[in-house]
Asker: 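Sharing a structure here in structure tokens format.
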Amino acid sequence: VTGGGEAGRGVPIREMARAVAAGEVSPDHWVAEALERIEADGATDRPLHAFLSVAGEAGGDGASAPAPAPAGPLAGVPVAVKDNLATLELPTTCASRILEGYRSPYEATVVRRLRAAGGRVVGKTNMDEFGMGSSTENSAYGVTRNPADRSRVPGGSSGGSAAAVAAGLVPCALGSDTGGSVRQPAALCGVVGLKPTYGRVSRYGLVAFASSLDQVGSFGATVEDAALLLQVVAGHDPFDATSADRPVEDWAAAARAGAEAAGRPGKVVGIPREYLSDGLDPSMRGPFDGRGGPPGGGAQVREVSLPHTAFAVPTYYILATAEASSNLARYDGVRYGARAPEARSTLELYRETRTRGFGPEVVRRIMLGTYALSAGYYEAYYGRAQKVRTLVARDFQRVFHLRVGGTAPDGVDLLFTPTTPAPAFGLGERVTDPVAMYLSDIYTVTANLAGIPGLSLPIGRVDGLPVGGQLLGPWWGEEGLVAAAAGLEARLAAAGSWTAGAGSAGRPGA
Ligand code: GLN
């Protein structure tokens with residue numbers, strides 16, 4: 001193991017907060033430690049570059065940082081925050097030139113909530129510009145490296161948050177997941193990433209990419225840590241009309257209970273056959289072949305079918321680009337961030353600001369999305385994609401047997417899939433091939449299209465690189481999802497996780 005994941009798997013965040021509340025360590029203890037590690041990373045030869053700004057650095061923190069709450073479930077816990085979540089004391093750039101140095105006049109609801117729980121924002125993390133990408137190579141401020149192998153990508157778009165947790169710089173982090181941007185980098189870096197049901201977590205202060213798909217998610221070294229952070233920031237918010245007024249259960253407690261119940265007869269887990277076909281690297285198949293693989297233990301495993309899976313990536317890229325083209329119209333050089341100072345007309349101001357401010361992937365998406373929404377093609381592309389989106393959601397409804405009248409006997413409680421088709425790829429390998437990059441999301445975009453919750457957890461290594469397994473649950477099923485994930489995590493810890501070399505069939509841990 002080179003660097004990587006395990007280094008961070010130290011103190012659970014529940015224990016950090018307890019030690020602070022009990023006065024065993026100073027309120028600044030964990031934050032000071034985190035800041036030291038972050039600084040040390042910047043000093044090495046090939047820095048991870050997980051952060052775009054760090055609290056306490058020139059231009060950071062200082063007088064405008066809201067005072068931390070003295071107690072609460074995150075008392076004194078350092079949290080890294082993706083740079084598309086608005087904070088008062090640090091810039092919010094979305095890793096774009098067009099928002100270089102931009103300061104938000106308000107904080108995202110999730111940031112206010114984590115502060116109210118005693119959490120401390122130690123820095124803003126690197127990402128693909130506006131969340132568009134799967135490798136963090138689309139950042140205008142340089143790439144982030146994978147802590148497990150610094151010649152490889154950390155995944156994206158929340159690559160900075162995933163790398164920061166995997167390297168042990170911080171115990172937990174927030175990201176956003178529009179098509180997999182929490183689960184995919186979590187898988188490639190070897191940490192846990194949790195995306196909630198659409199509407200579970202407020203998007204107020206999350207810079208919009210594709211509003212009907214965007215959700216804030218969490219990273220942790222363990223299922224319990226990721227669950228705890230997300231439950232603190234979740235729940236109804238009057239500032240987000242799409243946030244649901246539903247009680248948030250104690251997901252961290254559910255994770256602990258799930259770990260204790262590991263191996264006992266429990267859930268029915270479905271493995272969707274479409275997720276194991278084309279595109280899946282043969283070295284990744286082992287855990288998903290039904291029997292001895294990770295879902296084993298107490299779970300009953302059965303193969304299921306989600307027939308519209310093949311349409312998910314094209315559907316996602318029509319809807320996400322259409323929404324992005326509309327959301328990104330606000331960057332015009334007048335209201336936010338950078339502007340072209342020498343422009344002589346309004347049109348020239350827009351054109352120059354946007355030409356200089358947006359990177360190539362963002363430009364590609366605005367063009368694709370504008371085309372899909374244009375009068376002559378709207379029905380053929382956008383209208384059609386909306387219909388297919390419903391079919392993808394119905395696939396899940398069917399396997400979870402969520403019909404009026406309750407659960408049918410042949411339904412499954414959860415689905416288990418690979419998170420990605422392959423382990424982390426090399427820096428520069430896919431950045432010039434957008435379609436190859438888009439296919440990195442093949443197993444994650446379906447959950448966003450349907451709005452269901454999903455979690456990726458480390459299940460083993462291929463050629464020394466972390467690989468993730470994804471658990472998907474029904475709408476509002478976070479409690480059962482984290483319980484099952486923690487059970488699987490406990491079984492993997494006890495049994496030794498699964499390893500393989502490229503091309504081999506792999507073997508379940510002994
Ligand atoms: N990689 C996907 C995209 O580029 C997902 C991004 C995300 O979830 N923010 O759109």
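Start at 1 and go down the list; that is how both ligands and their atoms are numbered. For this chain, numbers begin at 1 and follow the sequence in order.
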Asker: In a check of salt bridge (Lys or Arg N to Asp or Glu O under 4.0 Å) between Glu89 and each of Arg103, Arg120, Arg115, which one passes?
Answerer: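 Only match with Glu89 under salt bridge (Lys or Arg N to Asp or Glu O under 4.0 Å): Arg115.
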Asker: Going by side-chain contact (heavy atoms from CB on, under 4.5 Å), name the residues that satisfy it together with Ile318, two or more places apart in sequence or in a different chain.
Answerer: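 Listed in chain order: Ala372, Tyr381, Ala385.
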Asker: Show the protein residues that qualify under the rule heavy atom under 4.0 Å from an atom of ligand 1, listing them in chain and number order.
Answerer: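 The 4.0 Å shell around ligand 1 contains Gly131, Met132, Gly133, Ser134, Ser157, Asp177, Thr178, Gly179, Gly180, Ser181, Phe209, Tyr316, Tyr317, Arg365, Asp441.
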Asker: Run the side chain to side chain donor-acceptor pair (under 3.5 Å) test against Thr315 and tell me which residues pass, sequence neighbours left out.
Answerer: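 In terms of side chain to side chain donor-acceptor pair (under 3.5 Å), with neighbours along the sequence ignored, Thr315 is linked to no residue.
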Asker: Would you call the rings of Phe130 and Tyr331 parallel, tilted or perpendicular, where under 30° means parallel and over 60° means perpendicular?
Answerer: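 Because their plane-to-plane angle lies in the 30° to 60° range, the rings of Phe130 and Tyr331 count as tilted.
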Asker: Can you list the residues that meet the side-chain contact (heavy atoms from CB on, under 4.5 Å) rule with Ala255, with sequence neighbours excluded?
Answerer: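 So Ala255 forms a side-chain contact (heavy atoms from CB on, under 4.5 Å) with Val223, Glu224, Ala486.
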Asker: Start with the C-alpha gap between Val362 and Asn138, add the side-chain angles, then the distance that decides, and say whether side-chain contact (heavy atoms from CB on, under 4.5 Å) holds.
Answerer: CA-CA 9 Å; Val362 175; Asn138 294 336; over 6 Å; no
